[in-house]
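All chains are named by letter (A, B, ...) in the order of the sequence lines, taking the proteins before the strands, and each is independently numbered beginning at 1.
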Amino acid sequence: MAPTLVTNSIRQLRFAHREMTQQELADRVGVTRQTIHAIEAGKYSPSLEVAFRMAEVFGVRVDEVFHYGKAGRR
Amino acid sequence: MSFREKTAWVTLCAIILVSLMYWFHVPSLLEPHPGLWVVHAMGVSLAAYLVIEVVAHVVLRMRHPRDARLPKDEREQLIDLKAIRIAYYVFATGALCGIPVMLHLAGAGPVAMAMAVFMAFVLSQIVKHAARIAYYRRGA
């Protein structure tokens, strides 16, 4: 499978939100902790619905959580 | 290791264990009435498999009650679909190649044909659960 160009700021956002754990985020989004870990590590690109739920949890826009293209790479 | 990965390991080990027990007796196909033997062996193997699966899953659920209650999320469903797709190709290839081989080796008996299809099915299930484990370990 080709490497994804989708990157994210989940880790930074978690720490900015009182050091939210992956498990807490997973519970609020409705996925497993392993899925949060896979998304955070860039191994799995979530559906739009999960992406929007994550943004909602952090109280930001989706494009503040996920970035696309080489410019988004860190 | 996630709960789902553990269940995949349990199922994989159960299938390998039971199919080894089953295939260990394959030479009995050469006996006068292999059809009866095969039906009996399949029944015993299926029962053994179900017992192992049920006991192992009950133990896993007792150890991980929270994870066991959660429905599969989208990544886990995607992993299942990917694994099923690979297993389909294994089953189709195994059945299509296995039948001519069985015809050649064991004659044109219906028991040999059934064994070929069954062997392909078991192999496809082993591949499916191995693929699930690989995808879980890789992330998706």
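- Looking at B:Met1 and A:Gln34, their side chains never come closer than 4.5 Å, going by heavy atoms from C-beta outward.
- Between B:Asp73 and A:Arg33 there is no salt bridge, since no side-chain nitrogen of the basic residue lies less than 4.0 Å from a carboxylate oxygen of the acidic one.
- Residue B:Tyr49 qualifies as enclosed at atom OH: its count of foreign heavy atoms under 6.0 Å is above 12.
- Among residues at least two apart or in separate chains, side chain to side chain donor-acceptor pair (under 3.5 Å) pairs with a member in residues 117-132 of chain B are B:Asp80-B:Arg132, B:His129-B:Arg132.
- Put simply, the side chain of B:Arg75 does not reach to within 4.5 Å of the side chain of A:Val31, judged on heavy atoms.
- The number of heavy atoms from other shown groups lying within 6.0 Å of NE2 (B:His57) is above 12.
- A side-chain donor-acceptor contact under 3.5 Å links B:Glu74 to the backbone of A:Ser47.
- No side-chain heavy atom of B:Phe3 sits less than 4.5 Å from a side-chain heavy atom of A:Thr32.
- B:Tyr22 and B:Leu17 end up in the same hydrophobic cluster when Ile, Leu, Val, Met, Phe, Trp and Tyr side chains are linked at under 4.5 Å.
- Going from atom OG1 of A:Thr35 over to atom CD1 of B:Ile79 covers 7.0 Å, rounded to the nearest 0.5 Å.
- Residue-environment remark: CD (A:Gln23) exceeds the threshold of 12 foreign heavy atoms within 6.0 Å.
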